[in-house]
Amino acid sequence: MTVRTRFAPSPTGFLHIGGARTALYNWLYARRHGGTFLLRVEDTDADRSTAESIRIILDGLQWLGLDWDEGPGVGGDHGPYFQSERNEIYDRYLARLEASGHVYEDEGAIRFRVPDKCITVSDAVCGEVSINLREQGARRYDKEAKEWVEANPDFVIKRPQGGYIFHFVNVVDDIEMAITHVLRGEDHLSNTPKHLALFEALGVNPPLFAHIPLNLNPSGTKMSKRDQGALIHEYQDNGFLPEAVNNYMALLGWSAKDDQEIFSLEELQSRFDLTGVNSSNSKFDYDKCRWVNGEHLKKLPAATLLAEAAPFLTRAGIDPNDPRVPAALELTRDRAQLLSEIPAVIETIFATDVTYDEASVAKVREKAELPRILAALTDGLADAGDWSVEGIKAAIHEAAGHAELKMGALMLPCRVAVTGRTSGADLVPVLVLLGKDEVVRRLRDFGAMSADA
RNA sequence: GACCCGUUCGUCUAAGGGUUAGGACACCGCCCUUUCACGGCGGUAAUACGGGUUCGAAUCCCGUACGGGUCGCCA
């Protein structure tokens, strides 16, 4: 039997990390087993679904690289893939339930007759879970009034106005689309007996269910769209790599059972397994997510790094086509965890004016011998014969000798004079990229500025 | 509130009856680097609690506490 999994988002206007992770697990499972991953849009609630809100979700999946084999834009033999276009199919299934006496009308709505028996979900992650829907549904807790009210355990599957309800369309579509494995959030575990009852009434064997634990925010409550890291499009804006986001999402709720933390998508594909999915909720850790991104950044091929960083460079006023950019980018690999942090590391190379950081300047001015250091540096570098890493090092070394100081004593003043701050990219390569004239000019300017002050 | 699921360092997790309870992020220290980082080494830090079962429990069972979820003519 070929594995068929699906991601079935409802268009809410954003792709939430919880949804994205569900999509990832389904995608990985299908890819791992040579199966089919399909995308179905659950837009039965017409108020919320707009072309725009659907587009955002599709864009998010595309950015992550979670391509679907059937669904919007690619078609397939089990379409249409929008629930809003599948009414004729739902009508047909409803007719079957009517014929077998499983439904009845109640004030215009159609209710499904819930069986009075214990229904057991055999879940690949949670084990066996049993519920009697008739007993469970006989009363309902009114949260506002904080009291119990009588309830009809037979749940509605079609509104008086004609629209079908989630539980019903979800089951019908999983049948029609021949879904074999349903991996979804644990918030659906309590709904699953309803779905099993529908499968049984329709005489169809249910798919295998695997309810995955939820991702919580750092305070331990459900991630809302306001929580840091909740929205996929923000990862893109903030300078994350899609592969790193997939890596981190995979780690939230799944383990390869060894000590590996950094995975390429291909590795994830070959390693992902339901037995590695754990059963308790996890809290989102933005710092670790950043670290994972940094690790991926270090491994990126030069050309890819340039392509990924380009929009961020442009935004910071650096021309990605500048011939010095590839070399400059190499200086950022150990210093930036996000693409968005890259410009700050190297912008001084491309700037026409140095921006001096007050604290950094103050630190250097504490030194009594600063004028002597700057003079030695300026003269030494101006006379440097070979403007290369080795040549510059030799020149600085020589300058230190003339000033009767150690080379280390010159490096920080040089850094502040040339770049404006005490921290940044490896200094000597920066000097190389800057060019001798510019470096000497900056040293002179800083020297003059310090003499005035 | 009823029902369901869960509980190992602050966080993500490993250990499926016998380990000095392992790794990673974060944090702290040392080393390396004549700059800034990376890196290396080391440290602080966990089996929620109480009962069983067993020669032996993080691991199996029961209870309690805590957390999450579901209880719609939302998905």
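Naming convention: chains lettered A, B, ... in sequence-line order (proteins, then strands); numbering from 1 in each chain.
- Here A/Gly253 lies in heavy-atom contact (under 4.0 Å) with sugar-phosphate atoms only.
- For the pair A/Gly276 and A/Ala109, both in contact range of RNA chain B, the more 5′-proximal nearest nucleotide belongs to A/Gly276.
- In this structure, A/Phe240 and A/Tyr286 have perpendicular ring planes: the angle between them is above 60°, well past the 30° mark.
- Base-pair partner of B/rC71: B/rG1 (Watson-Crick or G-U wobble, both distances under 3.5 Å).
- With B/rG39, B/rG22, B/rG6 as the candidates, the nucleotide lying closest to the side chain of A/Asp259 is B/rG22.
- Within 4.0 Å of A/Glu147, counting heavy atoms only, lies no atom of the nucleic acid at all.
- For B/rA14 and B/rU19, the C1' atoms lie 12 Å apart once the distance is rounded to whole Å.
- Taking atom P in both B/rC38 and B/rA58, one finds a spacing of 39 Å when rounded to whole Å.
- Both cation-pi conditions hold for A/Arg21 and A/Tyr25: the charged atom is under 6.0 angstrom from the six-membered ring centre and inside a 45 degree cone around its axis.
- Minimum atom distance to the side chain of A/Ser190 is reached by B/rU70, of the listed B/rU70, B/rC3, B/rA26.
- Applying the 4.0 Å criterion to OP1 and OP2 of B/rA14, one finds that A/Lys257 has a side-chain N or O inside that range.
- Of the listed nucleotides (B/rG69, B/rC12, B/rG23), B/rG23 has the atom at the smallest distance from the side chain of A/Glu261.
- Within the 4.0 Å cut-off from OP1 or OP2 of B/rC5, not a single side-chain nitrogen or oxygen of A/Asn281 is found.
- Across all strands shown, B/rA14 forms no Watson-Crick or G-U wobble pair with both key distances under 3.5 Å.
- Comparing B/rU35, B/rU13, B/rU70 by their closest approach to the side chain of A/Lys222 singles out B/rU70.
- Classification of the A/Phe166-A/His195 ring pair by plane angle, with boundaries at 30° and 60°, yields perpendicular.
- Across B/rU13 and B/rA46, the matching C1' atoms stand 12 Å from one another, rounded to whole Å.
- By the rule that a glycosidic angle within 90° of 0 means syn, B/rC12 does not qualify and counts as anti.
- Cation-pi check for A/Lys225 over A/Phe14 is not met; the charged atom does not lie both under 6.0 angstrom from the ring centroid and within 45 degrees of its normal.
- The side chain of A/Ser255 lies closest to B/rA14, out of B/rA14, B/rC38, B/rU35.
- Using a 4.0 Å cut-off, no side-chain N or O of A/Ser280 falls inside it from OP1 or OP2 of B/rG68.
- In this entry B/rC32 has no Watson-Crick or G-U wobble partner, no candidate having both defining distances under 3.5 Å.
- Using cut-offs of 30° and 60° for the angle between ring planes, the A/Phe284 and A/Tyr248 rings count as perpendicular.
- For A/Trp148, the side-chain atoms get nearest to B/rG1 when compared with the rest of B/rC38, B/rG1, B/rA75.
- Of all nucleotides listed (B/rC73, B/rU35, B/rC38), B/rU35 comes nearest to the side chain of A/Leu427.
- For A/Asp426 against B/rU35, a side-chain N or O and a base N or O form a donor-acceptor pair under 3.5 Å.
- Atom name P, nucleotides B/rA21 and B/rC9: the rounded distance is 15 Å, in whole Å.
- Contact annotation: A/Lys146 side-chain N/O to B/rG1 OP1/OP2 distance is not under 4.0 Å.
- At a cut-off of 3.5 angstrom, counting only N and O atoms as typed in the model, there is a donor on one side and an acceptor on the other between the side-chain of A/Lys288 and the base of B/rA24.
- With hydrogens and angles left out, the side-chain atoms of A/Thr221 and A/Asn217 include a donor and acceptor closer than 3.5 Å.
- Projected onto RNA chain B by closest heavy-atom contact, A/Glu107 and A/Pro218 fall at different nucleotides, the more 5' of which corresponds to A/Pro218.
- Between A/Arg159 and B/rC74 there is a side-chain N or O to OP1 or OP2 distance below 4.0 Å.
- Note on A/Lys143: a base of the nucleic acid sits closer than 4.0 angstrom, heavy atoms only.
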